[in-house]
Amino acid sequence: MGAQKSIQAGKAKIDFNVDLTQKLCGALLLPHIRHSRNPFSQVIARLSLKHPNLFGGNEKLDILCDKGLDDSNILIAFRRPKPDWLCQQSFTIQQSVAPEIAVHGLPVDHFSRSGSSGVNLCRFSSGVDFNEPSTSNWSNTTSIKFEHVRTLNNEGRSISRDLDGFPITSSGRSYDNMVVLKQESQYAVANDDNFTRLNFQMEQGLPLLSKWLIFNRFKFVASKGFKLGPTFLVTSLTGGSIVGDMAPYQAFAIGGVDSVRGYGEGAVGSGRSCLVANGEFTIPVTKELEGAIFMDFGTDLGSARHVPGNPAQRKGKPGCGLGLGYGIRFNSHFGQFRADYAINAFQQKTVYFGINNVGS
């Protein structure tokens, strides 16, 4: 859903791509549609620029700019060519601003939506990624980055506490600094009948200066899909935990279209640990159309009280949640259109709409 243009710049070709994508058209609550969140709040306009031969030696430059009504993101990545047996290096700079709804948001309408709490995160990061050559079905990426996270109110002014007077950073100031060493390993194998995917992430905060965050954060995602006659079953399990220094915005947020459907973003809970299980059963109707039945479950494993300020308990989040529902998937050359109808443990019904672009 966009436009693409290529221009010649010397010996190189520069690709421009302008994209307008509605990743999630809010949550249209039934029967209270008129009181739903702004349906355009999740519409993202994207401008991307790709230069495949910046200095004439196959150096690649990617510039990506996303802008929505409530958030923005700018990413600049530069990659130098390397032999196949060496790590591919990518230098990145990223700046983003977004509402902090997942942890500090207010669950409303029986937890089916999350409202703003006046806390926004401005993130700046700069560093380098090392992509190791793939061996068999495994791939590995190591990165080291400096991160500066600043907390803002809705007027754009720096703040250090939320509306209840609790600190929203680890340092107690209006910002946190950290150097993060991250190791990510992925395993993937697939054929026409089944697939298996594993993803492991380990982040270590390095104490290079006093008051910089020192922590270890681990997360895993395991998913399995296989055919059952003409139908297809996909299951996944996501979990994680963090030890050491911690700011509330680093908590594992549970709830939302990518977690437990039927709940708003982070409306189930936010803790130092989490466990989320998903199951989806798809049934082909036509070549392009599929029906789906799903069940999601998530829990913070009782770890919400260990998050500084305990925002989950103060917002009245239950700590665990179950969502059930059904939906449709329509595949076209423009992308996949998705519609899900979910009901949570409080009998609140929610409809989600989404468009996944091809190649996104």
Review point. According to the side-chain hydrogen bond (donor to acceptor under 3.5 Å, both in side chains) rule, which pairs have a member within residues 201-210, sequence neighbours left out?
Key: Asn199-Gln201, Gln204-Asn216
Show me the donor-acceptor pairs within less than 3.5 Å that the side chains of residues 236-248 make with the rest of the protein, sequence neighbours left out.
from   : atom 1 : to     : atom 2 : distance (Å)
Ser236 : OG     : Asn278 : OD1    : 3.2
Ser241 : OG     : Ser273 : OG     : 2.9
Asp245 : OD2    : Ile214 : N      : 3.0

Review point. Rest of the hydrophobic cluster containing Phe166 (Ile/Leu/Val/Met/Phe/Trp/Tyr, side-chain heavy atoms under 4.5 Å)?
Key: none
Taking only distance into account, with no hydrogens and no angle test, what donor-acceptor pairs under 3.5 Å do side-chain atoms of residues 217-224 form with protein atoms, sequence neighbours excluded?
from   : atom 1 : to     : atom 2 : distance (Å)
Arg217 : NE     : Gln250 : O      : 3.4
Arg217 : NH2    : Gln250 : O      : 3.3
Lys224 : NZ     : Thr196 : OG1    : 3.0

**Study point:** Pairs touching residues 279-303 that satisfy salt bridge (Lys or Arg N to Asp or Glu O under 4.0 Å), sequence neighbours left out
**Key:** Arg261-Glu280, Arg261-Asp296, Glu280-Arg329
Check your understanding: Looking at residues at least two apart in the chain, or sitting in another chain, which of them share a ring pair (Phe, Tyr, Trp, His ring centres under 6.0 Å) with His148?
Key -> Tyr175
Exercise for review: For residues 248-273, pull every pair meeting ring-ring contact (aromatic ring centres under 6.0 Å, His included), keeping only residues two or more places apart or in separate chains.
Suggested key: none
Practice item. Could you list the residues that satisfy side chain to side chain donor-acceptor pair (under 3.5 Å) with Asn137, not counting sequence neighbours? Key: none
Check your understanding: Any idea how Phe353 and Phe337 line up, ring-wise: parallel (<30°), tilted (30 to 60°), or perpendicular (>60°)?
Key -> tilted
Review point. How is the hydrophobic cluster of Leu64 composed, in terms of its other members, when Ile, Leu, Val, Met, Phe, Trp and Tyr link through side-chain heavy atoms under 4.5 Å apart, directly or indirectly?
Key: Leu75
Check your understanding: Tyr326: what forms a ring pair (Phe, Tyr, Trp, His ring centres under 6.0 Å) with it, not counting sequence neighbours?
Key -> Tyr341
Side-chain atoms of residues 119-130: list all donor-acceptor pairs with protein atoms under 3.5 Å, sequence neighbours left out, distances to 0.1 Å.
from   : atom 1 : to     : atom 2 : distance (Å)
Asn120 : ND2    : Asn153 : O      : 3.3
Asn120 : ND2    : Asn154 : OD1    : 3.0

Revision key, fill the gap. Applying salt bridge (Lys or Arg N to Asp or Glu O under 4.0 Å) to Arg314 and not counting sequence neighbours gives Asp162, Asp164
